[in-house]
Amino acid sequence: MTNIFTSKTNFTSGELSTDLLGRVDLNAYNNGAFSLKNVFVEPTGGIHRRPGLRYIASLTSSGRLIPYDLSSTDQYLLILMNQRLDIYHDNTFVTTITMPWTLEQVNTVQWAALQNQGVIFVHPDTQPILIHKSGNTWTKDNFSFLTEDSCILQPYHRFCDDSVTISSSGCLNNVTLTASEALFTNSHVNKQFKLAEGYVLITAVTDSTHAQATVLKKLINDDNVGENTVLEATRAWGEPAFCSEYGWPATVCTYQSRLVFGGSKSLPNTLWFSQSGDIKNFETGAGYDAEAIEFDILSDQSNKICALFAGRHLQIFTTSAEWMVSGDPLTPSEIQLKRQTQVGSCDTRFVPPIGIDGATIFAAENGHEIREFLFSDLEGMYQATDLSLLSSHLIQNPIDMAYDKNERQAYIVMNTGKMATLTSFRSENLQSWTEQTTDGKFLAVGILGKTAYFIVKRDSVYHLEYLDENCHTDSAYLITKETATTTVNNLSVLNNKKVAIVADDIILDKQTVQSNTIQVAHPAKQFEIGLPFSHIVVPLPPVASSVSGSGGAPVANSRLVRAVFRVIDTKSLEIDTGSGAHQELVPNLSSYTLNSANSAKTQDVVVRCLGWSRTPTSPLWEIKGDTPLPFKLVSVTSDIKLGG
């Protein structure tokens, strides 16, 4: 029998798929783990127990979490739910605004912040809505296009054969319009048409080829044009591109001081850009540099627009491909559209792309990949690498994504109620996946400032909660009493739940909340009461290779003789080597004070054990514990005997 010594100095490959149990030749195998649950990987390579989730409020339904930064000190969390929008400031409820969308429609609502002008929401079934704050008052208005001299400067389109023409009996005042084919319906009454160089308002429809109209802007821009000047048949006309009949914008973003709409029910592959610096003006005019832009995405595949993202270029994610719109600056004459990759995105639910270190992360249409859309200077185009290839089992139909740039942590919520987290540090080639679970289901995520917020469904109740470094339990209450007490009440959210209790930094036995109340044996002033969650760290099977080399051979039979766990600022370390989990951080009895709080330790913890492992999925050791205390592991050194 032979002994080998292994040293795991980082977990930068994260939790790996079981499909890789035989790929001991990969560097990722040396730096990965079999399971990493409810821990975060740090950019330096260590792992720590995730913070707890602190309870804020109960919600009426699931929804979407939308951050809105008016300034670094004036930040709001908008919660879009079933036919309502709740607004929070500093974790305090501000107001509710009635919204038109059902919960099913909320899944496909998209939005864009317009700085001090508010937040615009779009959905293909409804007119865009603008939410804005004036003083201490929040208001809701339909987004309206700029109107000049009674002319609405909105996008226009011909929803018929391109050969259809319109002529006019005059260019001023009241005129009769004649179409070359059946065109006019009663729905056109009181609608504006763009015709030649002007605009007309339809006042009556005589029949399918004739309509009465009032000229709002002279149809021919010529000083010699008079009231009796006839407009010959022309194909230069259009009716409003957005309306109840043809649908409203489906996607939205801002780019180079332009407001960009992408797709609608009738025009799913069309892009509209406002005039530069004038987001309500979509007048295309004569094609001058600052004027509005409109074009279609045409290719050999269906290209329904799913999402827009303003990155290095304007990035367009469609059902079949990813596109780049370039132009510096973006002008009608210089704009270019190029297909980059052909992965595709889901169109049944909006999963917002997120920017990380100059790359754009998006969920692939197949529901099992998270792709990195990154420009390659060598290739001169974007590439879409599968970031989740080594941890594909964690990606199960994503429904929401957000990125915390302060923690370098991306949160991807799955439709299973679990959540994958990605620690990304591209300059160090670090892409580490872990999985987060809770007593309930994660439904939505949003990042506001330096805080990650979540909608979590627990039983039949929807909670708004956030990650709090001061918490070590979920749905947690942090309570401070002026005088020490043995009774804590008003715990309605946790009623009939078995909770973990920390009183004056002392871990107490779990108990079930009864009548919204708990009783403790000894008086305390500070309490944390919440749902326990377990963190799990399981290594991959050992490999018979040198410590410094990669590759080697899988080990069939092995026994852990001795392991050294290096921990930092840790108060709880529960290790299972085959006979159950045991607390390895015990106080020094020579200096221990009864009922005193655990102190954080930075040290090497040595564990010796017996017993053989004869299957690749039976770990030599496992860290697992729900004790609500900090845990941080930076390395593990093992002495392993082979061949028993």
Side-chain angles (χ1 to χ4, degrees), residues 64 66 104-112 121-125 247-255 260-265 267-272 295-325 337-356 358-375 381-389 392 394-403 410-416 419-420 422 424 444-446:
R64 308 305 294 265
I66 303 160
E104 182 179 358
Q105 291 174 313
V106 164
N107 293 332
T108 50
V109 170
Q110 300 195 27
W111 57 87
F121 294 85
V122 299
H123 188 279
D125 292 337
W248 303 92
T251 65
V252 63
C253 78
T254 57
Y255 183 69
V260 186
F261 290 132
S264 66
K265 286 198 295 187
L267 302 169
N269 62 333
T270 302
L271 285 166
W272 298 270
F295 61 86
D296 297 331
I297 301 176
L298 300 176
S299 74
D300 56 348
Q301 297 174 300
S302 170
N303 281 291
K304 179 181 179 181
I305 298 173
C306 302
L308 306 173
F309 187 83
R312 175 173 182 164
H313 304 95
L314 179 63
Q315 299 160 13
I316 307 168
F317 298 90
T318 74
T319 49
S320 61
E322 293 71 50
W323 300 73
M324 172 187 78
V325 175
L337 173 70
K338 296 180 180 180
R339 184 167 61 186
Q340 303 295 294
T341 54
Q342 299 184 60
V343 176
S345 299
C346 176
D347 65 342
T348 58
R349 181 183 177 94
F350 174 51
V351 182
I354 54 178
I356 303 179
T360 305
I361 310 303
F362 71 98
E365 189 274 336
N366 62 22
H368 300 288
E369 297 171 353
I370 299 296
R371 295 277 185 153
E372 180 185 60
F373 194 56
L374 178 64
F375 190 82
M381 63 185 297
Y382 283 86
Q383 298 180 346
T385 306
D386 184 1
L387 288 183
S388 56
L389 179 63
S392 57
L394 298 180
I395 311 303
Q396 303 177 47
N397 297 307
I399 59 175
D400 204 3
M401 291 199 303
Y403 178 63
Y411 303 92
I412 300 95
V413 179
M414 308 299 165
N415 72 350
T416 60
M419 180 170 64
L422 171 65
S424 179
V445 59

Go through the structure and list residues passing side-chain contact (heavy atoms from CB on, under 4.5 Å) with D347, not counting sequence neighbours.
K304, C306, T319
For R312, all residues meeting salt bridge (Lys or Arg N to Asp or Glu O under 4.0 Å), sequence neighbours excluded
D377
Tell me, please, which residues at least two apart from A444 pass side-chain contact (heavy atoms from CB on, under 4.5 Å).
L65, D400, I455
Excluding sequence neighbours, so at least two apart, what forms side chain to side chain donor-acceptor pair (under 3.5 Å) with T385?
none
R64 side chain to F350 main-chain N or O, any donor-acceptor pair under 3.5 Å?
yes
Taking the side chain as everything from C-beta on, heavy atoms only, tell me whether L337 gets closer than 4.5 Å to F295.
yes
Least distance between heavy atoms, F261 atom then P249 atom
CD2-CB, 3.6 Å
What one should report as the nearest heavy-atom pair of T360 and P353 is CG2-CB, 3.8 Å
How close do V351 and P398 get, heavy atom to heavy atom, and via which atoms?
CG2-O, 3.5 Å
Who are the side-chain contact (heavy atoms from CB on, under 4.5 Å) partners of S320, not counting sequence neighbours?
Q301, N303, T318
Only counting residues at least two apart or in another chain, list the ones meeting ring pair (Phe, Tyr, Trp, His ring centres under 6.0 Å) with F362.
F317
Give me the atom names and distance for the closest heavy-atom approach of S424 to I356.
OG-CG2, 3.6 Å
Between T108 and H123 the two heavy atoms that sit nearest each other are OG1-NE2, 3.0 Å
Residues in ring pair (Phe, Tyr, Trp, His ring centres under 6.0 Å) with Y382, at least two apart?
H313, F373, F375
With a 4.5 Å heavy-atom cut-off, do L271 and W323 have their side chains touching?
no
Nearest heavy-atom neighbours spanning G262 and L308
N-CD1, 4.0 Å
Kindly write out the residues that satisfy side-chain contact (heavy atoms from CB on, under 4.5 Å) with L374, not counting sequence neighbours, or none if the list is empty.
A359, E372, R426
Using side chain to side chain donor-acceptor pair (under 3.5 Å) as the criterion, list what pairs up with T251, not counting sequence neighbours.
none
Looking at I370, V445, V413, which one forms a side-chain contact (heavy atoms from CB on, under 4.5 Å) with M401?
I370
Can you measure from NZ (K338) to CE (M324) and round to the nearest 0.5 angstrom?
5.5 Å
Of all residues at least two apart in sequence or in a different chain, which pass the side chain to side chain donor-acceptor pair (under 3.5 Å) check with Q110?
none
Minimum side-chain heavy-atom gap C346-N397 below 4.5 Å
no
Main chain of L298, side chain of D296: is a donor-acceptor contact present, judged purely on distance under 3.5 Å?
no
Students often mix this up, so state it plainly: with edges at 30° and 60°, are the rings of F121 and W111 parallel, tilted or perpendicular?
tilted
K265: salt bridge (Lys or Arg N to Asp or Glu O under 4.0 Å) partners, not counting sequence neighbours:
D125
Those residues at least two apart in sequence (or on a different chain) that pass salt bridge (Lys or Arg N to Asp or Glu O under 4.0 Å) with E365 are none
Are side-chain heavy atoms of R339 and S299 found at a separation under 4.5 Å?
yes
